2 protein chains.
Amino acid sequence: MSKSNETHASLIQVSYCLFAEHGIAKTTYTMIAKEVGIAKPSIYYYFDSKDALIVGVFDELCKGIEFAAFFDLEQFTEDNFVESLIAIGAKMIDEQDKDPYFTRVLQEYMLLATRNQDFSKRLLALQRDYLSGFEALLEKASTLGLLRNKDNLTAKAHMLALILDNIGHFMMFDEQIDYKQIWIEAVYSLFTRDE
Amino acid sequence: MSKSNETHASLIQVSYCLFAEHGIAKTTYTMIAKEVGIAKPSIYYYFDSKDALIVGVFDELCKGIEFAAFFDLEQFTEDNFVESLIAIGAKMIDEQDKDPYFTRVLQEYMLLATRNQDFSKRLLALQRDYLSGFEALLEKASTLGLLRNKDNLTAKAHMLALILDNIGHFMMFDEQIDYKQIWIEAVYSLFTRDE
DNA sequence: GTCTATATGGGGATAGAC
DNA sequence: GTCTATCCCCATATAGAC
């Protein structure tokens with residue numbers, strides 16, 4: 001990796017952490033430069049403005065978090081459907097547990113998105129990707145005859161998406177809740193199972 | 001209302017709106033003073049610092065949003081339980097629809113709370129209030145024999161709290177989802193009903 | 001690519017008159 | 001209670017050498 005790429009990556013990485021710790025608006029070039037170990041004006045060689053840096057961090061944040069990165073429709077079969085769904089949710093909860101910065105920074109961008117079309121378009125696309133992903137998943141489950149009830153698949157799919165999403169929000173400042181159990185209950189509530 | 005109280009209330013109200021539109025960090029005394037129609041230093045008569053103003057807006061934000069303000073346990077009976085639960089959710093969704101500022105400002109404070117003990121304590125208490133409120137509600141439903149399944153009442157209660165909470169988040173930037181239907185599905189998924 | 005030096009603007013906050 | 005005038009600081013950003 002060239003020196004240029006190294007510094008670029010370091011700028012993104014450091015900014016990401018500082019955005020989580022102090023918020024985007026209160027993170028300054030002075031703080032970033034100090035942490036990266038370069039002079040403040042050097043940042044302008046990589047990003048024309050603070051806004052450009054904010055976009056750069058967002059680009060990085062969005063990498064590899066689309067629905068398909070976690071859910072592979074093919075892997076779900078009649079025999080493993082419920083278990084797979086629960087396992088993936090548990091995995092996502094673990095990852096958020098390990099990187100508490102992620103949710104915070106994402107929240108920062110969600111708020112930015114309420115005032116900025118570019119961000120709102122991209123976040124909306126991401127959200128829609130998850131909603132339609134869960135819809136496809138439940139359709140497959142329905143075809144396999146695994147659902148307790150086949151009505152309103154769309155609303156049910158959205159419900160799952162909402163729960164998984166909000167677990168992240170809650171985790172930001174309440175560690176005492178059994179999030180995996182909530183996810184299990186949500187999944188069980190839709191699927192038939194021995195009781 | 002005295003002149004003093006009038007200005008105080010106006011400062012809170014205007015700040016609340018500006019916080020939603022521009023974010024707390026990017027809202028300045030200059031903007032607030034202009035909107036309220038007083039000179040910038042006059043604000044210091046009411047709030048010693050910007051931090052004090054931020055707390056003042058938060059105090060106002062917290063008024064009347066506790067669980068009991070929406071859910072009265074007494075009103076839930078065997079006959080109206082599911083309908084009441086659905087109706088209250090629908091009412092909360094309508095209110096958030098009418099005041100899109102509320103969720104945004106609350107989100108701003110949630111992020112502040114990740115860096116500030118005072119805010120995090122108070123938000124945590126509010127969250128716990130909702131979680132235990134839903135627990136009590138489901139216990140009553142269970143006693144009345146209305147639940148499909150009596151296991152893991154806590155996780156089920158938390159699931160409802162999560163969904164209602166996150167509907168607000170989603171509403172911030174996606175108006176095309178049938179949120180009331182999602183709430184209905186969530187409620188139905190726990191209660192027995194004719195199918 | 002990275003530096004030092006510097007410009008410029010606007011933020012929060014205070015002094016003190018009315 | 002509200003004003004005008006003013007201070008200090010630090011933010012983003014630029015100029016230009018190396």
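Predicted model only: the values in this text are computed from it and were never measured. So that the names make sense, note that chain A is the first sequence line, chain B the second, and so on, each numbered from 1.
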Student: Suppose we call two aromatic rings close when their centres sit under 6.0 Å apart. Are A:F19 and A:Y101 close by that rule?
Tutor: no
Student: Please find out if less than 6.0 Å separates the ring center of B:Y16 from that of B:F102.
Tutor: no
Student: Work out which heavy atom in B:T27 is nearest to a heavy atom in B:K50; give both atom names and the distance.
Tutor: O-NZ, 2.8 Å
Student: If the plane angle is over 60° it's perpendicular, under 30° parallel, otherwise tilted; pick one for A:Y109 and A:F119.
Tutor: perpendicular
Student: Under the side chain to side chain donor-acceptor pair (under 3.5 Å) criterion, do A:H158 and A:E135 qualify, and how do the steps go?
Tutor: CA-CA 8 Å; A:H158 292 188; A:E135 283 176 42; 3.0 Å; yes
Student: Is there a side-chain contact between A:S42 and the phosphate of C:dG1, meaning an N or O under 4.0 Å from OP1 or OP2?
Tutor: no
Student: Check DNA chain C against residues 15-24 of chain B and give the residues with a non-hydrogen atom under 4.0 Å, in numerical order.
Tutor: none
Student: Between protein and nucleotides 12-18 of chain D, map the contacts as a letter string: B base, S sugar-phosphate only, - none, heavy atoms under 4.0 Å, written 5' to 3'.
Tutor: BBB----
Student: Below 6.0 angstrom between ring centroids: does that apply to A:F47 and A:H8?
Tutor: yes
Student: Return the value, rounded to whole Å, for the distance between atom CD1 of A:I54 and atom P of D:dA11.
Tutor: 14 Å
Student: Expressed as a whole number of angstroms, how long is the span from B:K26:NZ to D:dA11:P?
Tutor: 13 Å
Student: Whole angstrom is fine here: how far is it from NZ in A:K34 over to C1' in D:dC10?
Tutor: 15 Å
Student: Is the closest basic N to carboxylate O distance between B:K98 and B:E95 below 4.0 Å?
Tutor: no
Student: State whether A:Y45 places a side-chain N or O below 4.0 Å from either non-bridging phosphate oxygen (OP1 or OP2) of C:dT2.
Tutor: no
Student: Any idea how B:Y130 and B:F67 line up, ring-wise: parallel (<30°), tilted (30 to 60°), or perpendicular (>60°)?
Tutor: perpendicular
